[in-house]
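This report concerns only the one structure given below.
Fair warning: this is a prediction, and the values are worked out from it, not measured in the lab. By convention here, the first residue in the shown sequence is residue 1.
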Amino acid sequence: MGGQASAAQGTPTGYTPEKYAAVKDEVALDNGIVAADQFHWTTLLSRFEQLLPDDVSIRNIQPNFNEHSVQLACIAHDVSAITRFVDNLWTSTDLSHAYLQRHGAYELEVAGRKQVQVGCSLVIRAAF
């Protein structure tokens, strides 16, 4: 019986490069799900709360679990507020790899009055 087990063990059945690629893709997907499940939103949101000036609002947070980065869309009253936020990120110990992607002025109507605010998009690499 021992001879049969060792002979069967060394013979792959049904192996093809396509099946290997499919299994590899499935494992990568599963690893992504595990990484997303282990993500601690409260920790990241607490850090943003500590670093965010009062006159800047985060409108969108989009983590990229594969790249360990997070993309933010923010709006502020003026450019100096955005600058303070980016400076706070750069001087932090854990979110210092922040890169401004784009910014621009936006005209909004608030309570019947036109107001100009500054919006920006930035990415923070090695955020988690």
Residues which pass side-chain contact (heavy atoms from CB on, under 4.5 Å) with Y106, listed by chain and number, not counting sequence neighbours: none
Would you compute the distance between atom SG of C120 and atom CG of L100 and round it to the nearest 0.5 angstrom? 5.5 Å
For D78 and A81 the tightest heavy-atom approach is OD1-N, 2.9 Å
Return the set of residues passing salt bridge (charged side-chain N to carboxylate O under 4.0 Å, His left out) with D87 (not counting sequence neighbours), or none when no residue passes. none
So T43 and F128, side chain to side chain contact (heavy atoms under 4.5 Å, CB included) or not? Walk me through it. CA-CA 10 Å; T43 302; F128 48 89; over 6 Å; no
T91 side chain to N88 backbone, donor-acceptor under 3.5 Å: yes
For I82 and V56, work out which heavy atoms get closest and say how close. N-CG2, 4.2 Å
List, by chain and then residue number, the residues other than V116 in its hydrophobic cluster (Ile/Leu/Val/Met/Phe/Trp/Tyr, side-chain heavy atoms under 4.5 Å); write none if there are no others. none
Residue set satisfying salt bridge (charged side-chain N to carboxylate O under 4.0 Å, His left out) with D55, at least two apart, ordered chain then number -> R84
Got a list of side-chain donor-acceptor pairs under 3.5 Å for residues 44-51, not counting sequence neighbours?
unit_1 : atom_1 : unit_2 : atom_2 : d
S46    : OG     : T42    : O      : 2.8
R47    : NE     : D94    : OD1    : 3.2
R47    : NE     : D94    : OD2    : 2.9
R47    : NH1    : Q50    : OE1    : 2.4
R47    : NH2    : D94    : OD1    : 2.9

Minimum heavy-atom separation for I124 and L95, please, with both atom names. CG2-O, 3.9 Å
Taking side-chain contact (heavy atoms from CB on, under 4.5 Å) as the definition, give me every residue that meets it alongside T16, ordered by chain and number, with sequence neighbours left out. E18, K19
For residues 61-71, which residue pairs qualify under salt bridge (charged side-chain N to carboxylate O under 4.0 Å, His left out), counting only residues two or more places apart or in two chains? none
Going from CG on L108 to CD on Q117, what distance comes out if it is rounded to the nearest 0.5 angstrom? 5.0 Å
Counting C-beta onward and ignoring hydrogens, is there a side-chain heavy-atom pair between V70 and N64 closer than 4.5 Å? no
Locate the shortest heavy-atom distance separating S96 from S92; write the atom from each residue and the value. CB-O, 3.4 Å
Nearest 0.5 Å, please: how far is CZ in R59 from CG in L72? 13.0 Å
Tell me whether N60 at atom CG has more than 12 heavy atoms from other residues, nucleotides or ligands lying less than 6.0 Å away. yes
Give every residue pair that meets the salt bridge (charged side-chain N to carboxylate O under 4.0 Å, His left out) criterion with at least one member in residues 117-128, sequence neighbours excluded. none
Pairing residues for E107 by the salt bridge (charged side-chain N to carboxylate O under 4.0 Å, His left out) criterion, not counting sequence neighbours: K114
Can you list, by chain and residue number, the hydrophobic cluster partners of Y99 when the side-chain cut-off is 4.5 Å? V123
Approximate separation, where rounding is to 0.5 Å, of F85 CZ and S80 OG: 14.5 Å
Has the side chain of W90 got a donor or acceptor atom that lies under 3.5 Å from a matching backbone atom of H97? no
Going by side chain to side chain donor-acceptor pair (under 3.5 Å), name the residues that satisfy it together with S121, two or more places apart in sequence or in a different chain. Q71, Q101
Report yes if the side chains of V118 and I75 come closer than 4.5 Å at any heavy-atom pair, otherwise no. no
